[in-house]
Amino acid sequence: NAGVTQTPKFQVLKTGQSMTLQCAQDMNHEYMSWYRQDPGMGLRLIHYSVGAGITDQGEVPNGYNVSRSTTEDFPLRLLSAAPSQTSVYFCASSPGRGENQPQHFGDGTRLSIL
Amino acid sequence: SQKIEQNSEALNIQEGKTATLTCNYTNYSPAYLQWYRQDPGRGPVFLLLIRENEKEKRKERLKVTFDTTLKQSLFHITASQPADSATYLCALDPNQGGKLIFGQGTELSVKP
């Protein structure tokens with residue numbers, strides 16, 4: 001099993017450009033989420049999904065869109081990149097919600113917006 | 001306001017000693033708390049989960065305590081090794097809906 005796979009690993013964008021960060025998991029997990037990690041801020045939840053066709057906002061959703069057409073994939077779209085979106089982005093999955101569901105993380109996408 | 005805080009300064013200890021990391025939270029009443037390890041350039045990896053009705057949880061050289069009165073969790077690594085050097089994150093789920101809130105992490109450095 002590959003676990004949670006994120007692509008690309010690194011990306012540089014210009015302000016105003018759009019792009020999609022890819023996330024795929026092969027564990028048949030229902031719950032998937034996107035976090036961003038900034039120095040001194042810890043991980044902050046952007047969007048999450050409890051199953052195919054269902055998404056909801058986290059703590060910092062502005063400027064990002066998500067969709068969940070399959071159980072395996074949960075892409076994150078930046079509509080018009082801004083320098084404030086420079087960060088490391090992590091995708092995570094778990095079998096479900098609740099106390100017995102530790103999250104499995106990918107190794108991140110490092111995104112720089114110029 | 002609600003927040004979760006960990007030691008902001010890096011923790012430097014000698015090999016063989018016990019490392020103790022702190023996680024404090026305010027204005028939450030979590031049913032459980034999780035600890036993760038993160039290595040440079042990698043995603044966090046789950047280590048331990050402790051429930052509100054558990055005072056202590058152990059896994060090999062790791063021990064976690066959870067004091068809901070003090071609103072604090074302590075994470076101990078006994079007989080520490082240089083390979084334990086990493087950033088350790090605590091996380092809680094205020095509404096048991098899977099929306100984890102993370103602390104900012106504490107960087108641990110174990111010197112030989």
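Given the structure is predicted, the values throughout are model-derived calculations rather than measurements. To find a chain, count down the sequence lines: A is the first, B the second, and so on, and within it residues start at 1.
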Hydrophobic clustering (ILVMFWY, side-chain heavy atoms < 4.5 Å, transitive) - are [Y] and [X] grouped together?
X	Y	result
A:L76	A:F105	no
B:L74	B:F102	no
B:L62	B:L92	yes
B:L11	B:F75	yes
A:M32	A:L21	yes

| query | Non-hydrogen atoms of chain B under 4.5 Å away: do they reach the side chain of A:L45, the backbone, both or neither? | reply |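 Contact with chain B: side chain only.
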
| query | Given a strict heavy-atom distance threshold of 4.5 Å, which part of A:Q6 is in contact with chain B: side chain, backbone, both, or neither? | reply |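 The answer is neither part of A:Q6.
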
Taking all non-hydrogen atoms of both residues into account, name the closest pair between [X] and [Y] and its distance.
X	Y	answer
A:Q103	B:Q34	N-OE1, 4.5 Å
A:M41	B:Q104	C-CB, 4.3 Å
A:L43	B:P44	CD1-CG, 3.8 Å

| request: Would you confirm whether B:Y36, through its side chain, and A:P102, through its main-chain N or O, come within 3.5 Å as a donor-acceptor pair? | output: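 No, because the side chain of B:Y36 does not come within donor-acceptor range (under 3.5 Å) of the backbone of A:P102.
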
| query | Above 12 or not: heavy atoms from other molecules or residues under 6.0 Å from CD of B:E9? | reply |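 No, because the 6.0 Å sphere around CD of B:E9 holds 12 heavy atoms or fewer from other groups.
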
| said: For the CD atom on A:Q11, are there more than 12 heavy atoms of other groups (residues, nucleotides or ligands in this structure) within a distance under 6.0 Å? | reply: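 Atom CD in A:Q11 is packed in, count exceeds 12.
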
| said: For chain B, which candidate among A:K9, A:R110, A:E59 shows the most heavy-atom pairs at distances under 4.5 Å? | reply: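 Greatest number of close heavy-atom pairs with chain B: A:R110.
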
| B:L100 versus chain A, the contacting section by heavy-atom distance below 4.5 Å |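 Both parts, heavy atoms under 4.5 Å.
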
| message | Is B:Q38 close to chain A through its backbone or its side chain, or both, or neither, when contacts mean heavy atoms under 4.5 Å? | response |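 B:Q38 touches chain A through side-chain heavy atoms alone.
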
| request: Considering only heavy atoms and a distance below 4.5 Å, find which of B:A91, B:G105, B:G41 pairs most often with chain A. | output: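 Winner by heavy-atom pair count: B:G41.
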
| message | Taking the side chain as everything from C-beta on, heavy atoms only, tell me whether A:Q101 gets closer than 4.5 Å to B:F46. | response |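 No, too far: nothing below the 4.5 Å cut-off.
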
